Amino acid sequence: MLMDREIEYVEGEETEKGKSCKSKKDSKYGQPYSVTGSWYIASGYLQDLTHLLQCFEEIQSWRYKDFAMCWQKKKFSLIYRGRQNFKELLEFSEEVALLTKRFLLPPHSLKLRIGALYTIYGLYYKHPFRHFFKIRLIRSEYQELVDLVEKFRTSVDNPDPAYIFRKMEIEGAYHHVA
């Protein structure tokens with residue numbers, strides 16, 4: 001299992017389920033309100049993401065082409081379908097990027113972190129309005145990402161993570177924030 005405990009996301013903070021962390025912006029279902037309505041806009045995404053990353057972990061290869069097979073098998077190419085308007089699409093995009101970024105950080109295994117990088121790459125290049133959508137990174141997250149791909153820069157077996165990171169960096173996919 002990817003996560004040792006269930007995590008509930010409330011206004012950018014994570015708390016263990018069962019502990020009371022009620023917010024003024026919470027709905028009656030315990031999820032934060034969406035700007036576009038009274039539901040959590042990325043409901044179910046965390047579960048889908050963990051299934052995708054588990055599929056990738058079960059494969060022996062670390063290559064992007066093998067991750068892409070899991071992506072297609074889980075039908076992640078349809079991730080942005082059904083959004084009612086531009087505002088909802090951007091809000092959803094930011095939320096799924098935030099949830100995916102959590103798997104890029106060190107507590108997770110190296111292969112899981114690489115899978116999260118591949119997922120960020122897929123989310124960015126599948127986005128219908130790519131020029132309006134950026135992956136927001138604080139300095140420490142960016143440094144962790146650089147350290148992660150540094151191991152693969154000179155790798156003959158798998159240069160995919162370094163190539164993907166550099167391609168996204170050149171195309172301006174990352175938005176550096178404080």
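Because the structure is a prediction, the values reported are computed rather than measured.
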Between CG on residue Leu117 and CG on residue Leu112, distance to nearest 0.5 Å: 12.0 Å

Side chains of Arg83 and Phe92 in contact at under 4.5 Å (non-hydrogen atoms): yes

Cluster overlap Phe133 with Phe86, hydrophobic side-chain contacts below 4.5 Å: yes

Gap separating the NZ atom of Lys74 from the NE2 atom of His51, nearest 0.5 angstrom: 6.5 Å

Derivation and outcome, ring pair (Phe, Tyr, Trp, His ring centres under 6.0 Å), residues Tyr64 and Tyr163: CA-CA 10 Å; Tyr64 179 74; Tyr163 172 78; 9.5 Å; no

Single hit among Trp62, Phe76, Trp71, Phe67 for ring pair (Phe, Tyr, Trp, His ring centres under 6.0 Å) with Phe56: Phe67

Minimum heavy-atom distance Val96-Ser93, with the two atoms named: CG2-O, 3.3 Å

Inter-residue atom distance Gln54.CD - Leu49.CG, 0.5 Å rounding: 10.0 Å

Minimum-distance pair of heavy atoms, taken over all atoms of Leu99 and Ala42: CD1-CB, 4.2 Å

Side chains of Tyr80 and Leu123 in contact at under 4.5 Å (non-hydrogen atoms): yes

Between CD on residue Gln143 and OG on residue Ser140, distance to nearest 0.5 Å: 9.0 Å

Ile41-Phe132 co-clustered via ILVMFWY side chain contacts under 4.5 Å: yes

Test applied, ring pair (Phe, Tyr, Trp, His ring centres under 6.0 Å); reference residue, Tyr121; option that passes from Tyr118, Tyr124, Tyr125: Tyr125

Residue pair Lys65 / Asp160, side-chain heavy-atom distance below 4.5 Å: no

Check: Ser61 main-chain N/O paired with Asp66 side-chain donor or acceptor under 3.5 Å: no

Cluster check Ile120, Leu110: I/L/V/M/F/W/Y, side chain < 4.5 angstrom: yes

Note, Arg63 side chain near Pro159 side chain (heavy atom, < 4.5 Å): yes

Identified side-chain contact (heavy atoms from CB on, under 4.5 Å) partner of Thr100 from the options Leu52, Ile135, Thr119, Leu53: Thr119

Beyond-backbone contact of Leu90 with Phe129, side-chain heavy atoms, under 4.5 angstrom: no

Minimal non-hydrogen separation, Pro161 against Val149, with atom names: O-CG1, 3.7 Å

Interatomic spacing from CG in Asp48 to NZ in Lys75 - rounded to 0.5 Å: 12.5 Å

Distance, nearest 0.5 Å, that separates CZ of Arg113 from NZ of Lys151: 5.5 Å

Flag side-chain contact, heavy atom, 4.5 Å: Ser77 against Gln72: no

Qualifying residues under side chain to side chain contact (heavy atoms under 4.5 Å, CB included), relative to His175, sequence neighbours excluded: Lys134, Arg136, Val177

With Glu169 via side chain to side chain contact (heavy atoms under 4.5 Å, CB included) - residues at least two apart: Tyr142, Phe165, Arg166, Tyr174

Carboxylate-amine/guanidinium proximity below 4.0 Å for Glu57 and Lys111: no

